[in-house]
Chemist: 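Below you will find the structure I want to go over with you.
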2 protein chains.
Amino acid sequence: MRDGGGSDDGTLGVRFGPLTDSLGFLLRLGQLSAFEAYYDEIGALGVRPGEMSVLFLVAENPGVRQGVLASSLRIKRAHMTKMIRAMEDAGLVHRTVPEDDRRSVELWLTAAGRARVAELTGPVLAHESRAQGRLDQREAAQLKRLLRAYLNIPEDPSGPGHDPLEESGS
Amino acid sequence: MRDGGGSDDGTLGVRFGPLTDSLGFLLRLGQLSAFEAYYDEIGALGVRPGEMSVLFLVAENPGVRQGVLASSLRIKRAHMTKMIRAMEDAGLVHRTVPEDDRRSVELWLTAAGRARVAELTGPVLAHESRAQGRLDQREAAQLKRLLRAYLNIPEDPSGPGHDPLEESGS
DNA sequence: CGAATATTGTCTACTTGGAAACAGAATTGA
DNA sequence: TCAATTCTGTTTCCAAGTAGACAATATTCG
């Protein structure tokens, strides 16, 4: 233990007062902390969190409409337009206008996009399996469960218990 | 009904795949969700989350140095400079250069700043006491506890208030 | 002491994300 | 049918936040 009150976290003995019990405040700090860890560990892969989530969601939901993707990720549609265009220019996603509603746009991964997802999956899952800071496995699982409940996101049917990495090579 | 299995949350039947178990992803969505609720409920008070946290932290730590405030809130110092200047121009904060280190700046609330904090405290605490979405009191308290552990933020010694559910041991 | 180094806040330029207006397509209602 | 309205993505402009260089002050060490 070092000097009194100060944690090793940048909170240099500051008292947080009522913010200590503010869910929004804690979520904001938690997100910043998690993204910092993300950049430290897999930032070198050159894919930022937003792009990562778009890639994984399109991979999981081929043909998803752009606006549905935006509202699912809580990204504004104006911003989603820019992100998708950049990813299209990078050759990762393909855009399609369906015949039954020519206002909308459906999104698909290109072969390059699928390859990118394939090469990202391992490092990302590895990162997630240890991106838990001071929490042990049980606490981290509980935290994620509570966040999913808060967000009304269903539990992953495949479950975190079985590590998809084990699929390769038995 | 257009979508099948859509929740009332904007997640229109989209499968989140591996992101379902990503702490960073869940924290990001949680933060956006919490800030949305914040704006819906007390955005009309004209104080945004960042300013709010600065006001409360300076109120709780009179004379705190600007850089300490920045690193505690995970706000970059360049940005903190702008925020503090705006709050100084608004007459809420007073800046002082201490004799023992003339590089640094100490922050204090003005009388107007203290008045602002006083008038914000009630609405903010009221908001926090019900800003829990679908979580019940016990789940929300547990979520906050886990987030504080993740962030290495000490529990509030004064406690979350006169909560009848507290210390219900298991 | 005095030169090299580190720290603190600030400045400029840039990136990220959002608000509001818009255009084209679909839907509604007379 | 066809005018009014709504929906979807886009454009433009602006605010929020970051990166990196900088000036002033402190600290370290010869």
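Throughout, a chain's letter reflects where its sequence line sits, starting with A, and its residues are numbered from 1. Everything numeric here is computed off the predicted structure, so don't read it as measured data.
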Chemist: Taking the side chain of Ala78(A) as its heavy atoms from C-beta onward, which of dG9(D), dA19(C), dG17(D) lies nearest to it?
Modeler: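 Looking only at heavy atoms from C-beta outward on Ala78(A), the closest nucleotide is dA19(C).
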Chemist: What integer distance in Å separates Met80(B):CE from dT7(C):C1'?
Modeler: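 Going from Met80(B) (CE) to dT7(C) (C1'), I get 17 Å.
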Chemist: Please state how far atom NZ in Lys82(B) lies from atom C1' in dC11(C), giving the value in whole angstrom units.
Modeler: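 Going from NZ in Lys82(B) over to C1' in dC11(C) covers 9 Å.
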Chemist: Give the rounded distance in Å between these two atoms: CD of Gln66(A) and C1' of dC7(D).
Modeler: 14 Å
Chemist: Hey, does Arg102(B) reach any base, or is it just sugar-phosphate, or nothing, if we go heavy atoms under 4.0 Å?
Modeler: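 Sugar-phosphate, backbone atoms only, no base.
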Chemist: Between Thr81(A) and Arg28(A), who's closer to the 5' end of DNA chain D by nearest nucleotide?
Modeler: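 In this pair, the answer is Thr81(A).
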Chemist: Under a 4.0 Å threshold between the charged nitrogen and the carboxylate oxygen, would Arg138(B) count as salt-bridged to Asp136(B)?
Modeler: no
Chemist: To the nearest Å, give me how far apart CG (Asp100(B)) and C1' (dT8(C)) are.
Modeler: 13 Å
Chemist: So what does Ser104(A) touch, heavy atoms closer than 4.0 Å: a base, only the sugar-phosphate, or nothing?
Modeler: sugar-phosphate
Chemist: Does Lys76(A) make a side-chain donor-acceptor contact with the base of dG9(D), cut-off 3.5 Å?
Modeler: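 Checked by distance alone, the answer is no.
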Chemist: Rounded to whole Å, how long is the line connecting atom CZ of Arg103(A) with atom P of dA25(C)?
Modeler: 11 Å
Chemist: Once you round it to whole Å, what is the distance between C1' of dT10(D) and CD of Glu88(A)?
Modeler: 13 Å
Chemist: Any carboxylate oxygen within less than 4.0 angstrom of a Lys/Arg side-chain nitrogen, looking at Glu106(B) and Arg65(B)?
Modeler: no
Chemist: Check the distance between dT15(C)'s P and Met83(A)'s CE and give it to me in whole angstrom.
Modeler: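 Distance check: Met83(A) CE to dT15(C) P gives 16 Å.
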Chemist: Between Pro98(A) and Leu32(B), name the one whose nearest nucleotide on DNA chain C is closer to the 5' end.
Modeler: Leu32(B)
Chemist: Would you tell me if any nitrogen or oxygen in the side chain of Arg77(B) comes within less than 4.0 Å of OP1 or OP2 on dA21(D)?
Modeler: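 Checking dA21(D) against Arg77(B), no side-chain N or O comes under 4.0 Å of OP1 or OP2.
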Chemist: Does a donor on one side chain sit under 3.5 Å from an acceptor on the other, for Arg145(A) and Gln142(A)?
Modeler: yes
Chemist: Between the main-chain N or O of Leu29(B) and the side-chain N or O of Ser33(B), is there a donor-acceptor pair closer than 3.5 Å?
Modeler: no
Chemist: How many whole angstroms separate atom CZ of Arg74(B) from atom P of dA19(D)?
Modeler: 14 Å
Chemist: For salt bridge (Lys or Arg N to Asp or Glu O under 4.0 Å), just list the numbers for Glu36(B) and Arg74(A), CA-CA rounded to whole Å, side-chain angles, deciding distance to a tenth of an Å, and then say yes or no.
Modeler: CA-CA 10 Å; Glu36(B) 213 167 272; Arg74(A) 291 179 188 268; 3.2 Å; yes
